[in-house]
Undergrad: 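Below: one structure in structure tokens.
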Amino acid sequence: MDQRAELSEFLRGRRARLRPEDVGLPHVGRLRRVPGLRREELALLAGVSVAYYTRLEQGNGQNVSVEVLDSIARALRLNDAERDHLLHLAKPADKKRKRPRGFRRQTVRPAVLHLLDSMESVPALVLGQRLDILAWNRLARALFGDFAALEPEERNMARHVFLSPAARDLYVDWEAKATEVVSVLRMYAGCSADDPRLATLVGDLSVRSPEFRSLWAAHTVQDKGHGAKRLRHPLVGELTLSYETLKLADDHDQSLVTYAAEPGSPAAEALRLLANWGPDAADAPSGTAGTSVAGEP
């Protein structure tokens with residue numbers, strides 16, 4: 001993936017979503033042919049020259065400082081995730097450079113697998129680089145489907161959401177889930193543009209899913225955190241679960257994602273029924289139900 005092009009498209013997209021009145025500028029002057037702020041207006045707000053900002057928006061960010069990027073982030077009204085994404089894309093010279101990632105084989109520690117197995121009433125899974133699905137417990141398998149039935153390269157949350165017909169039925173607000181997945185994948189891309197498997201994943205999804213192609217072009221970014229998900233399971237009906245994303249301390253590329261129901265709620269009863277249903281529960285959405293771990297080819 002071309003990181004200069006990513007930087008250029010991200011800045012142009014964020015500038016286009018702002019109107020003069022959003023940033024306290026009068027809406028006067030010549031007719032605007034495109035939406036959003038002009039480059040000279042953004043440069044004024046950020047306190048940099050138009051020529052300097054233009055070079056940055058053209059993808060030339062090698063020597064820009066963190067301070068300048070922070071000024072531009074404030075002018076663009078970026079949130080924390082978007083600011084971090086901008087820093088990763090621009091790679092300022094005075095920011096400590098990390099060694100290039102080796103994109104090693106992803107493995108889940110045995111202790112984490114034991115933890116998954118012990119969570120009998122909470123669906124949980126481990127996501128890795130590119131939102132690859134690395135491991136899951138029995139209840140996650142019953143709720144989301146049998147990832148073990150898929151080829152290793154197909155075990156990916158973006159592929160699950162955009163290419164699985166069952167996923168479109170499972171997520172009540174599928175559009176919101178799709179936007180979230182693409183935004184998290186964009187965040188990863190800002191740090192790992194040289195990951196060849198990411199390029200393969202994005203290319204394949206862009207060809208096979210018009211929705212993914214459109215969302216990817218929007219350059220929205222966010223880090224997966226916490227919230228609520230409404231699901232519609234073919235066996236137990238609709239349920240609302242709270243999810244938490246916990247970065248693993250020894251490998252920040254891996255996250256433990258848990259889905260919990262409020263005690264005594266209909267969702268808690270639905271999870272209890274799924275836990276007692278056995279392997280047939282996962283056959284309904286798309287698969288089966290014990291802790292599983294996925295390997296990479």
Undergrad: Can you tell me how far the OG atom of Ser118 sits from the CG atom of Leu116, to the nearest 0.5 Å?
TA: 8.0 Å
Undergrad: Are any of the side-chain heavy atoms of Leu86 and Leu78 separated by less than 4.5 Å?
TA: yes
Undergrad: Please list, chain by chain and in numerical order, all residues satisfying side-chain hydrogen bond (donor to acceptor under 3.5 Å, both in side chains) with Ser214, sequence neighbours excluded.
TA: none
Undergrad: If you define the side chain from C-beta out and look only at heavy atoms, does anything of Leu201 sit under 4.5 Å from Asn156?
TA: yes
Undergrad: Counting only N and O atoms by type, is there a donor-acceptor contact under 3.5 Å from the side chain of Ser65 to the main-chain atoms of Val68?
TA: yes
Undergrad: What about Phe10 and His85, are their ring centers closer than 6.0 Å?
TA: yes
Undergrad: Please tell me if the side chains of Asp251 and Val108 come closer than 4.5 Å, counting only heavy atoms from C-beta onward.
TA: no
Undergrad: Tell me whether Arg109 is salt-bridged to Asp250, with the criterion being a basic N under 4.0 Å from an acidic carboxylate O.
TA: yes
Undergrad: Within a strict 4.5 Å, meaning less than it, do heavy atoms of the Leu45 and Leu76 side chains meet?
TA: no
Undergrad: Could you report the tightest heavy-atom contact between Thr245 and Ser255, atom names first, then the distance?
TA: CG2-CB, 3.7 Å
Undergrad: Let me see the working for Val112 and Val126 under side-chain contact (heavy atoms from CB on, under 4.5 Å), right down to the final yes or no.
TA: CA-CA 9 Å; Val112 176; Val126 176; 3.9 Å; yes
Undergrad: Could Asp132 and Arg130 be called an ion pair, given the rule that one side-chain N must be under 4.0 Å from one carboxylate O?
TA: yes
Undergrad: How many angstroms lie between CZ in Arg38 and CG in Leu44, if you round to the nearest 0.5 Å?
TA: 12.5 Å
Undergrad: Under the rule for ring pair (Phe, Tyr, Trp, His ring centres under 6.0 Å), what residues qualify as partners of Phe162, not counting sequence neighbours?
TA: Trp174, Phe212
Undergrad: Identify the two heavy atoms, one from Ala43 and one from Tyr53, that lie closest to each other, and give their separation to 0.1 Å.
TA: CB-CB, 4.1 Å
Undergrad: Got a second to check how far Leu113's CG is from Asp117's CG, nearest 0.5 Å?
TA: 8.5 Å
Undergrad: With sequence neighbours excluded, what pairs up with Asp70 under the side-chain hydrogen bond (donor to acceptor under 3.5 Å, both in side chains) test?
TA: Arg83
Undergrad: Excluding sequence neighbours, so at least two apart, what forms side-chain hydrogen bond (donor to acceptor under 3.5 Å, both in side chains) with Arg159?
TA: Asp204
Undergrad: Not counting sequence neighbours, which residues clear side chain to side chain contact (heavy atoms under 4.5 Å, CB included) with Ala51? List them please.
TA: Ser49, Arg55
Undergrad: Let me confirm one number: the CG-CG distance from Leu231 to Leu239, rounded to the nearest 0.5 Å.
TA: 5.0 Å
Undergrad: Any donor-acceptor pair under 3.5 Å linking the side chain of Glu6 with the backbone of His219?
TA: no
Undergrad: Does a side chain donor of either Arg197 or Thr200 reach within less than 3.5 Å of an acceptor in the other side chain?
TA: no
Undergrad: Counting C-beta onward and ignoring hydrogens, is there a side-chain heavy-atom pair between Leu248 and Asp253 closer than 4.5 Å?
TA: no
Undergrad: Please check: side-chain N/O of Arg77 versus main-chain N/O of Leu18, any donor-acceptor pairing under 3.5 Å?
TA: no
Undergrad: For Glu120, give me all partners under side chain to side chain contact (heavy atoms under 4.5 Å, CB included), at least two apart in sequence or on another chain.
TA: none
Undergrad: From Trp277 CH2 over to Leu271 CG, what is the distance, rounded to the nearest 0.5 angstrom?
TA: 13.0 Å
Undergrad: Hey, does Trp216 have a side-chain heavy atom less than 4.5 Å from the side chain of Leu205?
TA: no
Undergrad: Examine distances only and state if a side-chain atom of Asn137 and a backbone atom of Met119 form a donor-acceptor pair shorter than 3.5 Å.
TA: yes
Undergrad: For Gln222, which residues count as a side chain to side chain contact (heavy atoms under 4.5 Å, CB included) partner, sequence neighbours excluded?
TA: Glu180, Ser183, Val184
Undergrad: Would you call Arg17 and Glu82 a salt bridge, using N to O less than 4.0 angstrom?
TA: yes
Undergrad: Gly190 and Leu89: which non-hydrogen atoms are nearest, and at how many Å?
TA: CA-CD2, 3.9 Å
Undergrad: Indicate the atoms forming the closest heavy-atom contact of Ala75 with Leu42, along with that distance.
TA: CB-CD2, 3.9 Å
Undergrad: Taking Arg232 for its side chain and Tyr171 for its backbone only, find out whether a donor-acceptor pair lies under 3.5 Å.
TA: no
Undergrad: Enumerate the residue pairs fulfilling salt bridge (charged side-chain N to carboxylate O under 4.0 Å, His left out) with a member in residues 166-175, sequence neighbours excluded, ordered by first and then second residue.
TA: Arg168-Glu211
Undergrad: What's the separation between atom NE2 in His160 and atom CZ in Arg155, rounded to the nearest 0.5 Å?
TA: 14.0 Å
Undergrad: I'd like to check Tyr52 versus Val64 (side-chain heavy atoms, cut-off strictly below 4.5 Å). Are they in contact?
TA: yes
Undergrad: Are any of the side-chain heavy atoms of Leu241 and Leu143 separated by less than 4.5 Å?
TA: yes
Undergrad: Among residues at least two apart in sequence or on other chains, which ones pass salt bridge (charged side-chain N to carboxylate O under 4.0 Å, His left out) with Arg4?
TA: none
Undergrad: With sequence neighbours left out, write down each residue that passes side-chain hydrogen bond (donor to acceptor under 3.5 Å, both in side chains) with Glu238, or none if nothing qualifies.
TA: Arg230
Undergrad: Just jot down the side chain to side chain contact (heavy atoms under 4.5 Å, CB included) partners of Arg12, sequence neighbours excluded, or say none.
TA: Ser8, Glu9, Arg15, Glu57
Undergrad: Please tabulate, one pair per line, all N/O donor-acceptor pairs under 3.5 Å involving side-chain atoms of residues 256-268, not counting sequence neighbours.
TA:
residue	atom	partner	partner atom	Å
Ser265	OG	Glu262	O	2.6
Ser265	OG	Ala267	N	3.4
Ser265	OG	Ala268	N	3.2

